[in-house]
Engineer: 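Could you have a look at this structure, given as structure tokens, before my questions?
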2 protein chains.
Amino acid sequence: MDYNAKQIQIIEVAERLFAQKGFSGTSVRDIAQEADINVSMISYYFGSKEKLIEALFKIRTVESRSRIETIISNDDLTPIQKVYILIDSVIERLMGNQCFHNIMMREQLSSERTPIISDHIMNLKMKNTELMQTLITGGQDAGVFRKNIDFSLMTTTLYGTINQAIATQHFYRKINHLEDLSEEEFQNLMKRKLSQHLKNLFKLTVSNEHQNQH
Amino acid sequence: MDYNAKQIQIIEVAERLFAQKGFSGTSVRDIAQEADINVSMISYYFGSKEKLIEALFKIRTVESRSRIETIISNDDLTPIQKVYILIDSVIERLMGNQCFHNIMMREQLSSERTPIISDHIMNLKMKNTELMQTLITGGQDAGVFRKNIDFSLMTTTLYGTINQAIATQHFYRKINHLEDLSEEEFQNLMKRKLSQHLKNLFKLTVSNEHQNQH
DNA sequence: GTAAAAATCAAACGATCGTTTGATTTTTAT
DNA sequence: ATAAAAATCAAACGATCGTTTGATTTTTAC
């Protein structure tokens with residue numbers, strides 16, 4: 001269940017290559033070369049290429065969600081503040097693990113995939129939707145959120161917008177003339193823009209009050 | 001530039017399989033078997049597997065955008081009505097060509113892809129963004145839209161939400177207990193829900209007026 | 001220090017990949 | 001009817017795929 005340094009090195013290289021070229025488009029020899037190991041080490045450590053991507057999903061989906069959940073359950077925060085925290089945490093998570101979420105999006109698009117990975121994704125989505133529902137019904141009970149909110153589609157918009165932004169970031173960078181920014185500066189700018197945009201979207205959509213934008 | 005019936009048949013089978021299993025995950029023998037042709041016909045007609053997917057992109061990206069553009073330029077419509085028409089047309093286009101847009105999303109996620117396809121995608125995105133910008137600046141000039149709108153991120157939300165909804169439609173169907181609907185009924189329901197959701201999102205975001213939801 | 005265990009390697013395995021060949025059949029055009 | 005063109009086919013091509021083998025080196029443990 002836990003992996004040694006060499007195994008983690010292989011997984012991280014595989015993660016990057018799978019994100020770049022897809023699972024089928026990446027050969028074990030590609031991985032071996034980039035990770036500077038012998039090809040047979042992949043079978044030796046993981047059993048197969050398929051088991052390797054499963055190991056990647058195991059590692060990446062254990063990430064502690066509890067931190068966010070404790071913040072969310074804090075009674076000192078207003079419902080809209082909690083939604084804002086959720087938005088920022090999702091932005092941070094997706095933007096901070098672009099390779100892995102690139103792979104996960106690909107797996108979502110595949111109709112035929114190993115059940116183990118489908119279960120991982122289904123599990124994650126379940127938790128995401130539950131969290132969103134908890135937050136929104138909490139705001140509704142407090143009387144500050146509208147009653148007729150499709151939290152399922154709000155979750156879709158939250159994840160869809162961020163995923164789309166990541167997938168088309170080169171395009172976004174070009175049409176907004178941001179080529180002279182460093183990669184890090186651009187990533188931070190995207191986070192800020194997305195945060196502002198999504199918070200505004202949610203505020204106007206879920207809140208009962210009609211405040212002016214920004 | 002134009003293809004005969006047999007070629008189109010091959011392209012359509014390839015489209016379905018590429019969407020299901022990805023480009024690298026689909027072999028030319030898979031395509032030949034499903035299309036009930038000899039393997040060599042693919043090279044014979046298209047030159048290579050790579051040229052086949054390029055042919056698919058050529059066919060699918062010639063679709064007449066002019067119809068929408070003429071509607072949009074109609075002066076009898078208010079700016080928000082035009083935005084609504086754009087939203088519905090994007091929903092119809094993406095939902096009605098799920099296989100192709102599945103492939104296109106995959107291509108967007110790949111950093112290494114043939115320039116021909118990247119150019120097709122870049123071209124499409126350019127036009128989409130320009131259309132959105134035209135609409136929004138039109139509404140701003142008419143004084144009914146807010147001044148500080150990030151039309152680039154609004155486009156991202158529009159396409160991102162629909163793409164995410166399509167990618168996770170099985171999940172959406174499950175958690176909303178819609179398994180007893182027929183496939184066609186479910187697709188129509190999704191279109192309606194998405195239309196309502198996105199129009200509401202845009203109305204609240206771009207419009208100067210603060211009307212109640214729905 | 002030594003034996004067992006783990007790690008590493010080059011090489012080879014059979015399978016499948018995309019593509020080409022060359023013969024054969026079918027269609028087209030006069 | 002006949003010759004040219006197009007379409008179709010089984011077979012084979014070399015390359016690459018994921019995986020295994022078996023020998024060798026390195027590490028571990030007492």
Side-chain angles (χ1 to χ4, degrees), chain A residues 1-59 103 106-107 110-117, chain B residues 1-59 103 106-107 110-117:
Chain A
M1 280 297 164
D2 40 10
Y3 305 95
N4 63 38
K6 203 116 223 172
Q7 286 173 301
I8 290 176
Q9 175 198 354
I10 295 173
I11 290 176
E12 286 177 348
V13 168
E15 181 180 37
R16 180 165 49 83
L17 293 183
F18 288 161
Q20 272 177 28
K21 320 197 284 181
F23 179 75
S24 304
T26 305
S27 73
V28 289
R29 284 174 178 81
D30 289 338
I31 300 170
Q33 187 173 11
E34 287 281 314
D36 202 35
I37 53 150
N38 189 278
V39 228
S40 59
M41 296 308 292
I42 292 171
S43 297
Y44 176 74
Y45 274 132
F46 301 97
S48 69
K49 185 187 172 190
E50 192 70 41
K51 297 264 188 67
L52 170 58
I53 195 176
E54 289 175 15
L56 168 61
F57 269 81
K58 279 182 190 165
I59 278 195
I103 297 170
R106 281 190 146 96
E107 294 297 318
S110 281
S111 47
E112 53 161 340
R113 174 72 11 228
T114 175
I116 296 157
I117 291 178
Chain B
M1 280 300 165
D2 42 7
Y3 304 96
N4 63 36
K6 204 115 222 170
Q7 287 173 301
I8 290 176
Q9 175 198 353
I10 295 173
I11 291 177
E12 286 177 347
V13 168
E15 181 179 38
R16 180 166 48 84
L17 293 183
F18 288 162
Q20 272 177 27
K21 320 197 283 183
F23 179 74
S24 304
T26 304
S27 72
V28 288
R29 285 173 179 82
D30 289 338
I31 300 169
Q33 187 173 10
E34 288 279 315
D36 201 36
I37 54 149
N38 189 279
V39 229
S40 59
M41 296 307 293
I42 292 171
S43 295
Y44 176 73
Y45 273 132
F46 301 97
S48 68
K49 185 186 172 190
E50 192 70 41
K51 296 264 187 67
L52 170 58
I53 195 176
E54 288 174 15
L56 168 62
F57 270 81
K58 277 182 190 165
I59 278 195
I103 297 169
R106 280 192 148 93
E107 293 298 318
S110 281
S111 47
E112 53 160 341
R113 177 62 24 219
T114 174
I116 295 156
I117 291 180

Engineer: For D/dT8, does OP1 or OP2 lie under 4.0 Å from any side-chain N or O of B/Lys6?
Structural biologist: yes
Engineer: Could you run through nucleotides 12-24 of chain C and give me one letter per nucleotide, 5' to 3': B if any protein heavy atom sits under 4.0 Å from the base, S if only the sugar-phosphate is that close, - if neither?
Structural biologist: B----BBBBB---
Engineer: Report yes if some heavy atom in the side chain of A/Phe18 is under 4.5 Å from a heavy atom in the side chain of A/Arg106; otherwise report no.
Structural biologist: no
Engineer: What do the steps show when you test A/Arg16 against A/Thr26 for side-chain hydrogen bond (donor to acceptor under 3.5 Å, both in side chains), and what is the final call?
Structural biologist: CA-CA 10 Å; A/Arg16 180 165 49 83; A/Thr26 305; over 6 Å; no
Engineer: Indicate the atoms forming the closest heavy-atom contact of B/Ala19 with B/Ile103, along with that distance.
Structural biologist: N-CG1, 3.7 Å
Engineer: Nearest-Å distance, CG (B/Asn4) to C1' (C/dT28)?
Structural biologist: 14 Å
Engineer: Please give me the minimum heavy-atom distance between B/Asp30 and B/Gly25, naming the atom from each residue.
Structural biologist: OD2-O, 4.2 Å
Engineer: Partners of B/Tyr45 by ring-ring contact (aromatic ring centres under 6.0 Å, His included), sequence neighbours excluded?
Structural biologist: none
Engineer: Hey, are the side chains of A/Ile42 and A/Ile37 touching, using non-hydrogen atoms and a 4.5 Å cut-off?
Structural biologist: yes
Engineer: Under a 3.5 Å cut-off for both distances, is C/dC13 Watson-Crick or wobble paired, and to whom?
Structural biologist: D/dG18
Engineer: Could you tell me the Watson-Crick or G-U partner of D/dA6, where both distances fall under 3.5 Å? Say none if there is no partner.
Structural biologist: C/dT25
Engineer: Would you kindly give the CE-to-P distance between A/Met41 and D/dT25, to the nearest whole Å?
Structural biologist: 16 Å
Engineer: I need the OH-P distance between B/Tyr3 and D/dA6, as an integer number of Å.
Structural biologist: 18 Å
Engineer: Find the distance A/Gln7:CD to C/dA6:C1' and express it as a whole number of Å.
Structural biologist: 12 Å
